[in-house]
Structures are given as C-alpha cells and as structure tokens.
Peer 1: 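Below is a structure I'd like to ask you about.
Letters A, B, ... are given to chains in the order of the sequence lines, protein chains preceding strands, and every chain is numbered from 1.
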There are 2 protein chains.
Amino acid sequence: MARAAALTKSKESLSRERIELAALELIEAEGLAAFSTRKLAARLGYEAMSIYHYFPSKGHLMDALIDHVIGELPPFPDASLPWLGRVRSLGRDVRRAFTRRPNLFVFVATHRMNTPRALAFLNRSIALFEEKLPHELAVRVFRSVSYYVMGASLDETAGYARGPSTVEPVSEETMQRDYPSVAAAEKFFKPAEFDETFELGWELMLTGIAALARRFEEQR
Amino acid sequence: MARAAALTKSKESLSRERIELAALELIEAEGLAAFSTRKLAARLGYEAMSIYHYFPSKGHLMDALIDHVIGELPPFPDASLPWLGRVRSLGRDVRRAFTRRPNLFVFVATHRMNTPRALAFLNRSIALFEEKLPHELAVRVFRSVSYYVMGASLDETAGYARGPSTVEPVSEETMQRDYPSVAAAEKFFKPAEFDETFELGWELMLTGIAALARRFEEQR
DNA sequence: CCGCAATTCTTACACCGTAAGGCTTGACGG
DNA sequence: CCGTCAAGCCTTACGGTGTAAGAATTGCGG
C-alpha cells in the first residue's frame, strides 16, 4: 500500500502524475521518436530506473498517456441537444482534443485504446448511435465515423503538411511540371485549412447519417 | 555509378530490390517494432552495414518501402466508368492494397508520402475529383475521402480488433457490466466484419459526394 | 595479371529499455 | 533514542538499436 510520500524541502518526489505530465511535455517538445525513459527521468531530476517504480514498463506509461488524453476530452455532448447535433459535436470534440497533442497522437492512433476510461467513452459513443439506429447499424456507423475522425486527426498530425520525410522533397519546378494538381492543391493542405476541410467531410458524413436515421424514424 | 552486379554461383548479390523484398517479408513476419537492419541483413545472409551501401539510412529504406506499397496499387480506375464508380473503386483499391501489408501500413499511415510514385498517385486522385468539382472543393473532398480510407485502413491494421496492448484487458464480466454497448458491439469489430463496415461508411461518404457533384452538374 | 572501383565486412560509439539488486531515507513501535 | 522495515531511488549491467569510419574482399576491364 502506498504511504503518503514525504515532501523534502529541496524537491517534490516522483509520482505517476508528475511522470505523466513530464512525459506529455517532453513528447510534444522533442517528438515521439526522441522520447525515452532516460530523458524523461533527467527532465524530472531523477535516474531512469526510478520511473519503473511507478510504471512497470514504458508500455504501461504510454498506455497511461493515452488514458490521460482520453481524460482531456470535453464532456459528452449535452443530452438536450438534437441527436445529430450531438454526433456533430462528438466528432469535433474528439478531433480537437487529439490534435492538441500532435506528437502523442500518432502513438494514440496506432495503439489499442482499451483502458477503462477509453472503454467508457467508447461505450457512450456507441450508445449515442444506438439511440437512433438499430444495433448493428449503430455499431457500423459509429465505426465509420471514427475512421473519418481518426484519419483526419492523424493526417493533420503526421501527414503531408508536416515536416520533411527522409528523402529530400521534389523541387518546386518538378512539382509544377509533373504534379500540377498536387501543386495547385498544396495551398489547401496547409494547417490553416484543416478546420474547413475537416468540417466539409464531416458534414458529408453527417448528411448520410441523418438520411439513415430518418429512415428508421419513419418506419416506427 | 552502379555497375552490373556479378552473379556468383553460391548466392545472389545484394540489391535495392532484394533488400526491399526481404524487408517487406520480415516486417509482416515479425512486426514493425522487431524490424531492424541487423535482422534484415541476417535474413539475407549479410552483415548489417552492407544494407547501407544501397540505402543511406534506415529512413531511406522505409521510404522505399512506402514507395513499393504505392506501386502495388491496382491500375487507376478505367476512365470509361462513370465518375462516381471510379471514386468508389479508388477508395476500395487503396484500402485493399494497404491493408494487405498490415504491419507496414501503420508506418505508412504515420509518415509523409512524397516519393515520386506517391505524388503521381496523389496527382491523379486529385485530378479525378476535379473532373466534377470546382478546384477548391475537389481538393477538400479528396482530402476528406482520404481521411476515411486511411482511418479505416489504420483501424483495421492497428486498432481495437488487433492484438493486446500492454495493460491487461478488462475481464469479460467487467465488460458486460460496465460497457454493455461495447460488449455487444465487439462482434461487429472483428476482422470478418471489416469489409461490410468499410462499405457502409464508404457509401455514406459517396452519397454526400454524389449530391455535391450533382449540384455542380446542374448549374452548368 | 594488375589495378581499381564496387561491394561487403569489422569495429566502435552512443543510445535504448529494463533486469537485478543495493543504498538511502523517513516513519514507527519499543 | 534506537532498531526495523518498507518505500523510493540509484547503480550496474546486458543485449539490443542505428550508423560513422574505415579496412578487407571481390570481380571486372585493361
């Protein structure tokens, strides 16, 4: 059983909370690839192995970080709102919360999220779709919707608009000559355009979802 | 300048091609995390550093693998097909090609794809949308569409249905009690259901796209 | 057969996650 | 005040990683 940690005057002792927060900072400051338990401990003023007193492995720490991000999601859309509006908000909220920690998100997107908090959120989300759609359809639509939201978030945090890849990018002239549509499109690939593009596609999906829901409304 | 490689009787010499193929095999056989230049070289019967005569860094090799996967995409949908049908096929083709190498795909999804081949594919895709939509809208719709396709592919290759994460999963009882909607949904989260779920969401998007395109058809 | 360039290997370094176990410190019962 | 004990933290070590630097090998053209 964990006793209350002693507070020396010089520095606060380690804790799961402090480790997580430092990890989140470090990842956004230096990038996911550069993140290591040694650097994390150094930033906290401890040795690497001290981390392992609070997390059995780096994997467990990363899972905690995922959980932390899930916890940063805003409250579930208010039940008094119309159904489609709640779906709309949910998608926006998730994207906003996830893209706020871009470096961590590429990890989040490529790992299972089955911590209790994540499951609770999953559960509420699926239940939302079940309000207006038969079970199987609700599940599938939820999943499609999450494909879009996760795909968008990932592209914004790791995709074409981000820093250079390993190979040196093609020259501007080559771009203009060989890939004119891409060259012309690049303007709309910039971060400043993320919101508008996301919203467009999101409404595309919502329109389809609304039509689907209406069908089951009628036949009641 | 690369001279023609000599063929000894005992074993074929190294080449970019052979290295790439072995890398693709190894990644799918052992997983992305376990993939290393040393193991790759060992599999080929060489020492690790020999790889570096053909690729200046592991990053360059990985970029070549991305390019390889892009090259495995089926031919672009036939121009004689109706427009929406071509869009439909394009999405399906991309998902199918990408999910065929699940372990590699989580790398692909989290890295820029700006090799010539990838740019050429990007270019044709954007051009396809420009056939029926004004420039800006074409770009944004293309991007939305790729959000969905990439999100779906990623979830199928790295998401909830895949192997265990670090923390031990919650028990079946807890699942039933605390997350009933998730428990009931899990059946539709299995790989056998991937196709159907993808198609549903894909048609959702296509419906919206068709409506959009129709609007610009009329006002001509 | 010689020379030379293409190819491959050797060695080394800094960094990683983490297993095993030792040291330090502070709280508590006597 | 002192001995005990566990929690918290550190030391050391191991096997793995990518790759820089340069030596050794190989095989072909002259």
Peer 1: Select one nucleotide: of C:dT8, D:dT17, D:dC9, the one nearest the side-chain heavy atoms of B:Tyr46.
Peer 2: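 Of the options given, the side chain of B:Tyr46 lies nearest C:dT8.
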Peer 1: Indicate yes or no for a side-chain donor-acceptor contact from B:Thr110 to the backbone of B:Phe107 under 3.5 Å, with no hydrogens or angles considered.
Peer 2: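 At least one qualifying donor-acceptor pair exists.
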Peer 1: Could you tell me whether the side chains of B:Thr197 and A:Arg140 share a donor-acceptor contact shorter than 3.5 Å?
Peer 2: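 Distance-only check passes for B:Thr197 and A:Arg140.
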Peer 1: State whether the distance check finds a donor on one side and an acceptor on the other, under 3.5 Å, for side chain B:Arg38 versus base D:dG16.
Peer 2: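 By the distance-only test, no, there is no pair.
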Peer 1: Taking CG from B:Leu40 and C1' from D:dT17, how many angstroms apart are they, rounded to a whole number?
Peer 2: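 Spelled out: CG on B:Leu40 to C1' on D:dT17 is 14 Å.
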Peer 1: Expressed as a whole number of angstroms, how long is the span from A:Met49:CE to C:dC23:P?
Peer 2: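 Distance check: A:Met49 CE to C:dC23 P gives 17 Å.
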Peer 1: Distance check needed: C:dA19 C1' versus A:Lys58 NZ, whole Å only.
Peer 2: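 The answer, rounded to whole Å, is 17 Å.
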Peer 1: C:dC16 C1' sits how many Å from A:Glu47 CD, rounded?
Peer 2: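 These atoms are roughly 15 Å apart.
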Peer 1: Name the orientation class of the two ring planes belonging to A:Tyr148 and A:Trp202 (parallel below 30°, tilted from 30 to 60°, perpendicular beyond 60°).
Peer 2: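 Judged by the thresholds at 30° and 60°, the geometry between A:Tyr148 and A:Trp202 is parallel.
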Peer 1: What contact category does B:Tyr54 fall into here, base, sugar-phosphate, or nothing, at under 4.0 angstrom with non-hydrogen atoms?
Peer 2: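 Sugar-phosphate contact only - B:Tyr54 comes under 4.0 Å of backbone atoms but never of a base.
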Peer 1: Once you round it to whole Å, what is the distance between C1' of D:dC9 and CG of A:Leu44?
Peer 2: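 One finds 13 Å between C1' of D:dC9 and CG of A:Leu44, rounded.
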Peer 1: Between A:Lys187 and B:Glu136, does any NZ, NE, NH1 or NH2 come within less than 4.0 Å of an OD or OE carboxylate oxygen?
Peer 2: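 No salt bridge links B:Glu136 with A:Lys187.
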Peer 1: Respond yes when some side-chain nitrogen or oxygen of A:Ser13 is under 4.0 Å from OP1 or OP2 of D:dG8, and no when none is.
Peer 2: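 It does not, given that no N or O in the side chain of A:Ser13 lies less than 4.0 Å from OP1 or OP2 of D:dG8.
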Peer 1: Select one nucleotide: of C:dC16, D:dT12, C:dG17, the one nearest the side-chain heavy atoms of A:Lys39.
Peer 2: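 Closest nucleotide to the A:Lys39 side chain: C:dC16.
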Peer 1: Within this structure, what is the CZ-to-P distance between A:Phe55 and D:dC9, rounded to whole angstrom?
Peer 2: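 Spelled out: CZ on A:Phe55 to P on D:dC9 is 13 Å.
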Peer 1: Using whole Å, what does the distance between atom C1' of nucleotide D:dA23 and atom OH of B:Tyr52 come to?
Peer 2: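 My rounded result for the distance is 19 Å.
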Peer 1: Between the side chain of B:Arg117 and the main-chain N/O of B:Asp67, is any donor-acceptor distance below 3.5 Å?
Peer 2: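 Side chain of B:Arg117 to backbone of B:Asp67: a pair is present.
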Peer 1: Which whole-number value in Å describes the distance from A:His53 NE2 to C:dC23 P?
Peer 2: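 Those two atoms, NE2 and P, are 17 Å apart.
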Peer 1: For D:dC10 and A:Ser50 - does any side-chain N or O of the residue sit under 4.0 Å from the phosphate oxygens OP1/OP2?
Peer 2: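 So the side-chain polar atoms of A:Ser50 do come within 4.0 Å of the phosphate oxygens OP1 or OP2 of D:dC10, strictly under.
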